[in-house]
Amino acid sequence: MTQDEMKKAVAEAALQYVVPGEIIGVGTGSTANFFIDALASIKGQIKGAVASSEATAERLRGHGIEVMDLNSVNSMSIYVDGADESNNQLHLIKGGGGALTREKIVAAVADKFICIADESKLVGVMGEFPLPVEVIPMAQSYVAREIIKQIGGQPILREGFTTDNGNIILDIKNLQITEPAKTEQILNNIVGVVTNGLFALRPADTLLLGTPNGVRTVNPA
Ligand code: 5RP
């Protein structure tokens with residue numbers, strides 16, 4: 001099974017969590033794209049979707065799925081999205097595609113966060129994947145200095161990239177994230193940081209993991 005086949009399998013497996021008549025939160029990235037394509041097959045059963053990025057909104061609309069403004073939505077049963085890394089407590093690193101802020105907002109509204117990923121994303125200690133941090137442009141240097149002082153690692157500017165919110169991304173390399181919730185809070189408290197890509201304070205509720213032997217459901221350890 002290729003990595004793409006595993007991503008497609010988990011995306012299709014996530015359809016079982018879709019509650020008919022509801023609004024679905026939809027993530028960003030290649031695995032989320034497989035989910036959007038699968039969602040199109042049952043689009044008549046849902047009320048609409050909230051997108052975590054402009055790219056996702058465009059793909060949803062391309063399938064004829066109504067994209068709703070989050071401010072017009074009071075509740076959402078599920079949010080489905082990929083991840084760059086997950087540990088066995090379903091703390092995640094997200095933001096490889098740069099959509100971390102909107103992803104975190106939509107995940108916060110949803111009752112249940114279903115994470116979909118191929119098996120390469122499940123790790124023991126997070127941090128091999130550089131941790132994305134969305135930063136207000138004028139704060140770039142200050143935030144980079146504070147990151148090094150407070151948690152270590154090497155913050156690197158993601159060259160030529162602007163988020164959907166008009167900000168920059170610093171990717172922190174060489175971190176070993178042994179206390180994800182603490183690291184998430186420290187980064188949140190640096191002035192100029194919009195969001196960081198750790199999803200530990202609000203982890204996933206279920207991880208659907210694509211393996212060569214099929215889809216494995218992982219619940220938090
Ligand atoms: C985008 C994300 C993605 O979920 C993450 O990068 C995983 O992407 P992919 O499914 O392409 O491996 O957080 O900001």
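Counting convention: from 1, in listed order, for ligands and their atoms alike.
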Under 3.5 Å, which donor-acceptor pairs link side chains of residues 49-60 to any protein atom two or more places apart or in another chain?
unit_1: S52; atom_1: OG; unit_2: V26; atom_2: O; d: 3.1
unit_1: S52; atom_1: OG; unit_2: T28; atom_2: N; d: 3.4
unit_1: S52; atom_1: OG; unit_2: T28; atom_2: OG1; d: 2.6
unit_1: S53; atom_1: OG; unit_2: T28; atom_2: OG1; d: 2.8
unit_1: S53; atom_1: OG; unit_2: T56; atom_2: N; d: 3.1
unit_1: S53; atom_1: OG; unit_2: T56; atom_2: OG1; d: 3.2
unit_1: E54; atom_1: OE2; unit_2: R102; atom_2: NH1; d: 3.0
unit_1: T56; atom_1: OG1; unit_2: G27; atom_2: O; d: 2.7
unit_1: T56; atom_1: OG1; unit_2: T28; atom_2: OG1; d: 3.3
unit_1: R59; atom_1: NE; unit_2: D37; atom_2: OD1; d: 3.2
unit_1: R59; atom_1: NH2; unit_2: D37; atom_2: OD1; d: 3.4
unit_1: R59; atom_1: NH2; unit_2: D37; atom_2: OD2; d: 3.0

For V109, side-chain contact (heavy atoms from CB on, under 4.5 Å) partners two or more places apart: L70, M76
Near ligand 1, which residues have a heavy atom under 4.0 Å away from one of its atoms? K7, T28, G29, S30, T31, D81, G82, A83, D84, K94, G95, G96, G97, G98, A99, E103, K121
If we count only N and O atoms by modelled type, under 3.5 Å, do the side chains of S120 and D118 hold a donor and an acceptor together? yes
Tell me whether the count of non-hydrogen atoms from other residues, nucleotides or ligands lying under 6.0 Å of CD in E128 goes above 12. no
Under the side-chain contact (heavy atoms from CB on, under 4.5 Å) rule, collect the residues that match up with K8, sequence neighbours excluded. E12, F34
Is any side-chain heavy atom of V194 closer than 4.5 Å to a side-chain heavy atom of I136? yes
